[in-house]
Amino acid sequence: MKNKKAYIITGPTSGIGHATALELAKHGTLILVARNKKKLDLLQIELKDLGHDTVSVVCDISDIKSVRKAAQEILALGFPIAGLLNNAGIMPSKPLKSDQGWDLTFATNHLGAFALTEALAPHLPDGANVVFIASAIEDPERKPAKAMGMKGGRFISVEASARGEWKAGGAKMPGIDAYATSKQCILAATFAFARNDRRLHYNAIEPGITRGTSLGGESTNAFVRFLFGHLMAMIPPFSHYSSTPERSAIVITNVLTDKSGKTGVYVDEKGRPMLSSEQTRDPEFQDRVVAETRNLLATIR
Ligand SMILES: NC(=O)c1ccc[n+]([C@@H]2O[C@H](COP(=O)([O-])OP(=O)(O)OC[C@H]3O[C@@H](n4cnc5c(N)ncnc54)[C@H](OP(=O)(O)O)[C@@H]3O)[C@@H](O)[C@H]2O)c1
């Protein structure tokens with residue numbers, strides 16, 4: 001079994017990650033990385049019943065110590081890893097704190113995904129695909145996000161983001177600045193990784209406004225839940241960007257199993273290359289995000 005190539009997926013227990021696990025399992029052994037052991041066990045049973053091979057690793061992506069431990073466990077499995085999907089993400093409407101005392105949204109969506117990637121990357125075989133699930137909300141010029149009063153990523157510095165501080169003049173909707181800035185940072189890091197590490201391939205995906213997931217489910221704000229869960233996927237102009245977990249799963253699986261060697265590409269919900277915000281396209285900004293993130297993560301022993 002260990003000769004069979006393997007794919008790592010974070011956040012496979014719900015929404016886009018769950019649909020992707022079902023699709024991706026057709027291509028190799030899945031290493032399922034999730035925080036909830038009960039949900040992991042159920043997912044393993046579901047995939048086993050479909051005839052797929054899986055291994056599970058319990059990990060809280062927002063907790064850097066848990067991420068590093070999980071990376072060691074994954075490497076100890078000894079699988080030839082063909083791809084890593086950084087999918088786990090949250091969008092709570094209340095400011096919450098991670099185990100390290102950092103903003104929970106920033107810790108989950110940026111710091112944890114970054115730390116997992118850096119812990120695994122040196123050990124991945126040449127040509128492995130590393131994929132990040134981003135969000136077009138990071139772009140202040142993105143039409144549907146703009147129409148909803150979102151203002152894009154509100155980056156001051158990585159340290160400020162970890163403290164839960166965002167550039168003034170942000171969105172009125174609670175939690176959105178944290179979410180947009182976390183996605184702005186992980187997208188900038190994707191492009192920096194792609195420029196600086198030619199051995200692996202780093203790409204990002206905007207899955208579209210995807211109904212039927214639990215994103216924002218941590219939120220106490222029923223309106224935000226309804227907005228993201230249903231309304232935005234149905235009414236123009238938002239419906240133009242709408243998708244389902246199953247459609248996202250196909251796009252994501254195509255990028256993760258791609259053998260063309262493409263790197264540094266950001267694709268939309270239909271798998272077409274798209275432009276990210278001007279700021280994330282700036283190599284100076286990209287390198288700054290990477291350097292500051294490494295400095296912050298180095299404080300955790
Ligand atoms: N839905 C959209 O419209 C949309 C649009 C753009 C981007 N995205 C991105 O797509 C990705 C998947 O989101 P989704 O919509 O499928 O949401 P979802 O249904 O809430 O799924 C999120 C997944 O992440 C996991 N997760 C959250 N925090 C974690 C932590 N600390 N440690 C480990 N796992 C954790 C969740 O685990 P549990 O099952 O234990 O909660 C769940 O499996 C996210 O990165 C999101 O930002 C979504």
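We count ligands from 1, going down the list as the structure has it; atoms in each ligand are counted the same way.
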**Q.** Atoms in ligand 1 flagged as close to Gly89, the criterion being non-hydrogen separation under 4.0 Å
**A.** 22 (C), 24 (O), 27 (C), 44 (C), 45 (O)

Q) Would you say Ser157 and Glu292 make side-chain contact, with heavy atoms under 4.5 Å? A) yes

Q. Hey, does Lys183 have a side-chain heavy atom less than 4.5 Å from the side chain of Asn109?
A. yes

(Q) Do Lys262 and His201 make a side-chain contact, defined as non-hydrogen atoms from C-beta onward lying under 4.5 Å apart? (A) no

**Q.** Student check: side-chain heavy atoms of Pro207 and Ile133 closer than 4.5 Å
**A.** yes

(Q) If we only consider heavy atoms of Ala134, is any one of them less than 4.0 Å away from an atom in ligand 1? (A) yes

Q: Ignoring angles and geometry beyond distance, decide whether Ser14 reaches within less than 3.5 Å of ligand 1 through its nitrogen or oxygen atoms.
A: yes

Q. Side chains of Ser277 and Pro140: does their closest heavy-atom pair fall under 4.5 Å?
A. yes

Q.
I'd like to know if Lys183 contacts ligand 1, where contact means a heavy-atom distance under 4.0 Å to any ligand atom.
A. yes

Q: Please check if the side chain of Ser243 supplies one atom and the backbone of Arg247 the other of a donor-acceptor pair under 3.5 Å.
A: no

Q.
Out of all atoms in ligand 1, which are within 4.0 Å of some heavy atom of Gly15? Include the element for each.
A. 16 (O), 19 (O)

Q: Step through it carefully: locate the ring centre of Phe193, locate the ring centre of Phe114, and say whether they are under 6.0 Å apart.
A: yes

Q. Quick one: does Ile209 get an N or O within less than 3.5 Å of an N or O on ligand 1?
A. no

Q | Proximity of Ala136 to ligand 1 by residue part, where a heavy atom lies under 4.0 Å | A | neither

Q: State, yes or no, whether a side-chain contact exists between Ile74 and Ile81 at a heavy-atom distance under 4.5 Å.
A: yes

Q: Please tell me if the side chains of Phe132 and Thr117 come closer than 4.5 Å, counting only heavy atoms from C-beta onward.
A: yes

**Q.** Polar atom proximity, Lys39 to ligand 1 (N or O, under 3.5 Å)
**A.** yes

Q: Using a strict 4.0 Å cut-off to heavy atoms of Ile90, name the atoms of ligand 1 that fall inside it.
A: 27 (C), 28 (N)

Q | Close side-chain approach of Ile90 and Leu104, heavy atoms under 4.5 Å | A | yes

Counting only pairs under 3.5 Å, give me each side-chain donor-acceptor contact of residues 143-152, with atom names and distances, residues two or more places apart or in other chains.
residue	atom	partner	partner atom	Å
Lys146	NZ	Glu141	OE1	2.9

Q. Going by heavy atoms, is Pro245 under 4.0 Å from ligand 1?
A. no

Q. Of all the atoms in ligand 1, which lie at a distance below 4.0 Å from a heavy atom belonging to Ala88?
A. 24 (O), 25 (C), 26 (N), 34 (N), 35 (C), 45 (O)

Q) If you measure every N/O of Asn36 against every N/O of ligand 1, is any gap under 3.5 Å? A) no

Q) What atoms of ligand 1 come within less than 4.0 Å of a heavy atom belonging to Gly11? A) 23 (C), 24 (O), 25 (C), 43 (O)

Q. Has Gly208 got any heavy atom lying under 4.0 angstrom from an atom of ligand 1?
A. yes

Q | For ligand 1, the portion of Ile137 having any non-hydrogen atom under 4.0 Å away | A | neither

Q. Under 3.5 Å between some N or O of ligand 1 and some N or O of Thr210?
A. yes

**Q.** N or O contact, Ile16 vs ligand 1, cut-off under 3.5 Å
**A.** yes

Q: Report, in ascending order of atom number, the atoms of ligand 1 lying under 4.0 Å from any heavy atom of Ile133.
A: 9 (C), 10 (O), 11 (C)

(Q) Can you confirm whether or not the ring centre of Tyr179 sits under 6.0 Å from the ring centre of Phe106? (A) no

Q. Hey, are Ser242 and Ser239 close enough side-chain-wise for a donor-acceptor pair under 3.5 Å?
A. no

Q: Could you list which atoms of ligand 1 come closer than 4.0 Å to a heavy atom of Ser62?
A: 31 (N)

(Q) Nearest non-hydrogen contact with atom 36 (C) of ligand 1 belongs to which option: Glu269, Arg211, Arg35, Glu138? (A) Arg35

**Q.** Those atoms of ligand 1 less than 4.0 Å from some heavy atom in Tyr179
**A.** 6 (C), 7 (C), 8 (N), 9 (C), 46 (C), 47 (O)

(Q) Would Thr13 count as a polar contact of ligand 1, with the cut-off being nitrogen or oxygen pairs under 3.5 Å? (A) yes

Q) Considering residues at least two apart in sequence or located in another chain, which fulfil the side-chain contact (heavy atoms from CB on, under 4.5 Å) criterion with Glu73? A) Val57, Lys69

Q.
Using only atom types and a distance under 3.5 Å, with no angle test, would you say the side chain of Arg195 pairs donor to acceptor with the backbone of Gln286?
A. no

Q. Would you say Ile61 has any N or O atom under 3.5 Å from an N or O of ligand 1, going by distance alone?
A. yes

Q: Counting heavy atoms only, name the option from Ile252, Asp99, Thr20, Thr213 that's nearest to atom 14 (P) of ligand 1.
A: Thr213

Q.
Just to be sure I'm reading this right: ignoring hydrogens, which of Thr10, Asn87, Asp63, Val33 gets closest to atom 12 (C) of ligand 1? Compare them by their nearest heavy atoms.
A. Asn87

